[in-house]
Structures are given as structure tokens and as C-alpha cells.
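Worksheet: one structure, shown below.
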Amino acid sequence: QAPYRDVPTQAKYDDAFVELVGWYWTEGTAGPGRRITLSQSERVNPSKTARIRNALTKLYGHEQRNVHKGRVVGPPTWKETTYSGNVVFVLSVAAAESLREVVIGKEKIVDADFIRSLTHAQLELFIDVSLQADGHRNTIGQASEQRIRAFEMACILAGKTPRTRAYEDRGWSCRILQ
């Protein structure tokens, strides 16, 4: 299958933001006070932890320790903590707002307009990070059909052949066939 012809050639979003969307919709959490958290095991997945840290630093600068109150005012910031052996990245409300604009609601459904606005390279990045976050090479599983459909759409636009299946007790999966 060939990539979709009308994929944008000019990036609307920074690649680091596209990467954070991939981490958030698959494994992130909408925390208290409208914050967002992303977590990974530094011991088991040091490269994934480093990728999240690098994307956050590129977008919002170095870690700021004063994120705990979840302030709306001020620049977007983030901090890193450790909980139960995992590194937890806490985004301030200001940093979380841009993610919430393209990953909708508590269901964390990636907006179709966001997917359609990605360049071919960004579609590939989004797919790769989503798979890494979910822990697989070519298959992703989610409880929500709408969440899987957004990933499926990204695959189709990138020229990949997705195979989506529903499982009676386990939700949905999407496997990339090529």
C-alpha cells in the first residue's frame, strides 16, 4: 500500500510534540488538577525514559521542580519524580493543555484532524512511538475502539496495511502487516 498522496509536506507540529502525543495516548495518565503524567521504568526501559525526557526538554526546557501545584498561569513546565520504581514525568497544566487539544477527553482519543495534519515522517514517528509505548514491535492493543481507529488511520495515511481486530474480553488490537 502506498502512502496517502495528500499528506502535508510542511510540519504543523514539532516532532517532539508528536512524540509526546504518542506516549500520552497509549500509556499516559490524566492526573489531578488537569495535569498529565507519563511514566516508564528506568531500569527496564532506559531508552524510552530518555526519549520522553528529551522530548519534554526540547518542548518546555529543562525540568522545573515547581510543577506540583498544577498552575495554569506561567510557562509550560515539567518535573520528574520516582514512584514504585518508575520515573514519572509530570506536566504542568500549561504544558498539558496542548496535548489535551489533540488527545481528547479521559478516553484519550487522538483527534483525526491532528493525524491528518502530520507529515509522512511524523506519521512514522507517531506510529513508532505508539508501538514502543505499548511495548510491541508491530501490534498495539487498547480497550477503546476509537483509540485504535486513530492509530489505524495514521497507519493508512503512512502507507501501511493495518489489521484491526476486536477481542471479546480484551478490547481492540491493530497489527501492521508490512
- Are side-chain heavy atoms of Val102 and Ile115 found at a separation under 4.5 Å? no
- Note on the structure: Applying salt bridge (Lys or Arg N to Asp or Glu O under 4.0 Å) to Arg175 and not counting sequence neighbours gives none
- Message: Using the ring-ring contact (aromatic ring centres under 6.0 Å, His included) criterion, which residues pair with Tyr13? Sequence neighbours excluded.
- Response: Phe17, Phe114
- Side chain to side chain, Ile156 and Pro162, heavy atoms closer than 4.5 Å: yes
- Message: Which residues pass the side-chain contact (heavy atoms from CB on, under 4.5 Å) test with Glu107, not counting sequence neighbours?
- Response: Ile109, Ser144, Arg147
- Looking only at non-hydrogen atoms, find the nearest pair between Arg100 and Tyr24 and report the distance. NH1-OH, 4.5 Å
- Query: Closest heavy-atom contact between Tyr60 and Pro76?
  - Reply: CD2-CB, 3.4 Å
- With distance as the sole test, does Gln64 use its side chain to make a donor-acceptor pair with the main-chain N or O of His62 at under 3.5 Å? yes
- Message: So, taking the atom named CG in Leu38 and the one named CG in Leu56, what distance separates them when rounded to the nearest 0.5 Å?
- Response: 6.5 Å
- Non-hydrogen side-chain atoms of Leu131 and Ile176 separated by less than 4.5 Å: yes
- Asp134 (side chain) donor-acceptor with Gly141 (main chain) under 3.5 angstrom: yes
- Cluster overlap Val18 with Ile104, hydrophobic side-chain contacts below 4.5 Å: no
- Tell me, please, which residues at least two apart from Gln132 pass side-chain contact (heavy atoms from CB on, under 4.5 Å). Trp23, Lys48, Arg51, Asp128
- Item | Joint hydrophobic cluster, Ile148 plus Tyr167, side-chain heavy atoms closer than 4.5 Å | no
- Query: What is the distance from atom CG of Leu123 to atom CE of Met153, rounded to the nearest 0.5 Å?
  - Reply: 9.0 Å
- By salt bridge (Lys or Arg N to Asp or Glu O under 4.0 Å), which residues pair with Lys58, not counting sequence neighbours? Asp14
- Query: Rounded to the nearest 0.5 Å, what separation is found between the OG1 atom of Thr49 and the CD atom of Glu42?
  - Reply: 4.5 Å
- Task: Indicate yes or no: at least one non-hydrogen side-chain atom of Leu118 is less than 4.5 angstrom from one of Val7.
- Result: no
- Task: Group every Ile, Leu, Val, Met, Phe, Trp and Tyr by side-chain heavy-atom contacts under 4.5 Å, then state whether Trp25 and Leu59 land in the same group.
- Result: yes
- Do the charged groups of Glu124 and Lys160 touch, with an N to O distance under 4.0 Å? yes
- Query: Judged by atom type as modelled, is there a donor-acceptor pair below 3.5 Å linking the side chain of Asn86 to the main-chain atoms of Val88?
  - Reply: no
- Task: Could you check if a side-chain atom of Asp15 sits within less than 4.5 angstrom of a side-chain atom of Gln122, using non-hydrogen atoms only?
- Result: yes
- Correct closest heavy-atom pair for Thr77 and Ala95 would be O-CB, 3.6 Å
- Message: Using every non-hydrogen atom in the two residues, find where Ala158 and Ile127 come nearest and quote the distance to one decimal.
- Response: CB-CD1, 3.8 Å
- Are the side chain of Glu63 and the backbone of Glu80 linked by a donor-acceptor contact shorter than 3.5 Å? yes
- Item | Minimum heavy-atom distance between Ser117 and Pro8, given as atom pair plus value | O-CG, 3.5 Å
- To the nearest 0.5 Å, how far apart are NE2 in His120 and CG in Leu157? 10.5 Å
- Who are the side-chain contact (heavy atoms from CB on, under 4.5 Å) partners of Thr26, not counting sequence neighbours? Ser130, Ala133, Ile140, Gln142
- Query: What pair of heavy atoms forms the shortest contact from Cys174 to Thr164, and how long is it?
  - Reply: SG-OG1, 3.6 Å
